[in-house]
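Scroll down for the structure; my scribbles are underneath it.
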Amino acid sequence: MATADIIVMGGGIFGLATAWECARRGARVRVIERDRIGAGSSGGLVGALAPHVPENWNEKKNFQLDSLLMAEGFWAEVRERSGIDPGYARLGRLQPLADTGAVAQAKRRAESARTLWRGAADWRVERGEDDWRGQSPTGLWIHDSLSARLHPRQAAAALAAAIRETGGEVIEMRGRLDRPVEPAGKVLWATGAQGLADLSTDLCRPVGTGVKGQAALLACAAETQPQLFVDGLHIVPHGDGTVAVGSTSERAWQDDSATDDQLDGLIDRARAACPMLTDASVIDRWAGIRPRASTRAPLLGAWPGREGHYVANGGFKIGFGMAPRVAEVMADLILEGRDAIPAGFRLR
């Protein structure tokens, strides 16, 4: 491909999803990844697509809801075009309720979910105990039907394949760059934690930073079970006979790709929370740096002072859940000049 309508710098979830959305609309797309697809935070293990609580509603929560409701169709099309299963399944999520106060709060949220989630999903309080969910201190659980799962590595591979099948290019440099790439024309920068650092330098103010996360993959066939969220820990069963658990959030570290005893503690907590994981073997351990914007919302839109350059960054823990809607609004902006980006997500 000699020319491209849009060049996407970065092969993580925001870059790939936007490139795919542009390609499916007929644009000529080139993705340039400085290493390989899945080398950064989008090559993790967990893949929990989970909503914010249905209260104190704001534009970020509404944007995320739109994206979660778009996800099934989005990933079905990617699967059909690529021939690769991204691992999507909307099986819901369970959360134990610790005491009577938590039960009362959960019931209030169940009422608000009926309105805020537009009847598309529900948040309910239920009683239960089994080998998957273990025990709740009250015997009661929140069960939301909006949460879904995705296999991050399969999803990234599926997007890259779908882009190629649509006539686009996905170039993996695999460390071969000896100098920075200086793309011309319309360019989307979706370059993760390094991109946040570059933006901060260019704008002379901090816009975000990287946060290290660690996660593990255990061998356990629980593919029809809902995910669990227990004391801040995500336990996500995938369709390939594995269960992912994660993740830590570390502001300081010595080695950005090394796992350590913090992950060991996380695995122990997962085994204690979920009886089915008691004897499950650990088959993969992952660590990486996730991009967290200072606003705690994704950073989307035009790069100030750089004509024709755009930014999609700051997905942090919700990047995969936000990706369908992020891709839609960024394609609208780049290809058609239509700006539907929430005010709280904009670069200023």
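Only a predicted model underlies this, so the values are computations on that prediction, with no experimental measurement involved. Position 1 is the first residue of the sequence; numbering continues from there.
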> Can you list the other members of the hydrophobic cluster that holds V46, where links are side-chain heavy atoms under 4.5 angstrom apart?
Replying inline: V236
> Given the rule that I, L, V, M, F, W and Y join up when any side-chain heavy atoms are under 4.5 Å apart, are V31 and Y310 in one cluster?
Replying inline: yes
> Going through the distances and angles, do R164 and E169 end up as a salt bridge (Lys or Arg N to Asp or Glu O under 4.0 Å)?
Replying inline: CA-CA 6 Å; R164 290 177 173 130; E169 284 185 306; over 6 Å; no
>> For N62, run the side-chain hydrogen bond (donor to acceptor under 3.5 Å, both in side chains) check against R325, H52, R118 and tell me which one passes.
In response: R118
> So do Q95 and W123 actually touch side chain to side chain, heavy atoms under 4.5 Å?
Replying inline: yes
> How far apart are the closest heavy atoms of L300 and F63, and which atoms are they?
Replying inline: CD1-CZ, 4.3 Å
>> Run the side-chain contact (heavy atoms from CB on, under 4.5 Å) test on E172 and I37 for me, step by step, so that the C-alpha distance in whole Å, both residues' side-chain angles and the decisive distance to 0.1 Å come before the verdict.
In response: CA-CA 7 Å; E172 298 174 280; I37 299 302; 3.4 Å; yes
>> Please give me the minimum heavy-atom distance between V8 and A19, naming the atom from each residue.
In response: CG2-CB, 3.9 Å
> Nearest heavy-atom pair of L277 and A270: which atoms, and what distance?
Replying inline: CD1-O, 4.0 Å
> Is the shortest heavy-atom distance from the side chain of I341 to the side chain of E59 under 4.5 Å?
Replying inline: no
> In chain order, what residues pass the salt bridge (charged side-chain N to carboxylate O under 4.0 Å, His left out) check against R25, with sequence neighbours excluded?
Replying inline: E21, D332, E336
>> What verdict does the side-chain contact (heavy atoms from CB on, under 4.5 Å) test give for L188 and I6, after you've listed the backbone C-alpha separation in whole Å, the side-chain angles of each residue and the deciding distance to 0.1 Å?
In response: CA-CA 7 Å; L188 173 66; I6 175 173; 4.3 Å; yes
> So which pairs with a foot in residues 219-233 pass side chain to side chain donor-acceptor pair (under 3.5 Å), sequence neighbours left out?
Replying inline: none
>> With heavy-atom distances below 4.5 Å as the criterion, would you say the side chains of E328 and M70 are in contact?
In response: yes
> Do F14 and V211 sit in the same hydrophobic cluster, where Ile, Leu, Val, Met, Phe, Trp and Tyr count as joined when their side-chain heavy atoms come under 4.5 Å apart?
Replying inline: no
>> Quick one, Y88 with F74, criterion side-chain contact (heavy atoms from CB on, under 4.5 Å). Give me CA distance, side-chain angles, the key distance, then yes/no.
In response: CA-CA 10 Å; Y88 177 85; F74 180 91; over 6 Å; no
> Can you find a heavy atom in the side chain of L68 that is under 4.5 Å from one in the side chain of M322?
Replying inline: no
> Is there side-chain contact between S249 and K317, with at least one heavy-atom pair below 4.5 Å?
Replying inline: yes
>> Going by side-chain contact (heavy atoms from CB on, under 4.5 Å), W141 matches just one of R127, R124, R133, E129. Which one?
In response: R133
> Once the angle between the rings of H309 and W189 is folded into 0 to 90°, is it parallel (under 30°), tilted (30 to 60°) or perpendicular (over 60°)?
Replying inline: parallel
> Is L299 close to V207 at the side-chain level, that is, under 4.5 Å between some pair of heavy atoms?
Replying inline: yes
> Between R346 and D339, does a salt bridge (Lys or Arg N to Asp or Glu O under 4.0 Å) hold up when you go through it step by step?
Replying inline: CA-CA 11 Å; R346 296 175 186 276; D339 190 344; 2.7 Å; yes
> Which is it for D255 and K212 under the salt bridge (Lys or Arg N to Asp or Glu O under 4.0 Å) test, yes or no, and what are the steps along the way?
Replying inline: CA-CA 9 Å; D255 187 333; K212 182 178 179 179; 5.8 Å; no
> Do the non-hydrogen side-chain atoms of S247 and Q214 ever get within less than 4.5 Å of each other?
Replying inline: no
> Got T248 and W253 here, is their nearest side-chain heavy-atom distance under 4.5 Å?
Replying inline: no
>> Quick check: closest heavy atoms across A323 and I13, and the distance to 0.1 Å?
In response: CB-CG1, 3.6 Å
> If you look at every heavy atom in D5 and K186, which pair is closest and at what distance?
Replying inline: O-CB, 3.6 Å
> Should the pair R81-E165 be classified as a salt bridge under the 4.0 Å nitrogen-to-oxygen rule?
Replying inline: no
>> As a quick check of understanding, evaluate salt bridge (Lys or Arg N to Asp or Glu O under 4.0 Å) for D284 and R153, giving each step before the final call.
In response: CA-CA 13 Å; D284 199 358; R153 294 173 183 175; 2.9 Å; yes
> How are the rings of H234 and F229 set relative to one another: parallel (under 30°), tilted (30 to 60°) or perpendicular (over 60°)?
Replying inline: tilted
>> If you compare all heavy atoms of G192 against all heavy atoms of N313, which two are closest, and at what distance to 0.1 Å?
In response: O-ND2, 2.9 Å
>> Does R93 form a side-chain contact (heavy atoms from CB on, under 4.5 Å) with L228? I'd like the steps, not just the answer.
In response: CA-CA 6 Å; R93 178 177 65 167; L228 303 175; over 6 Å; no
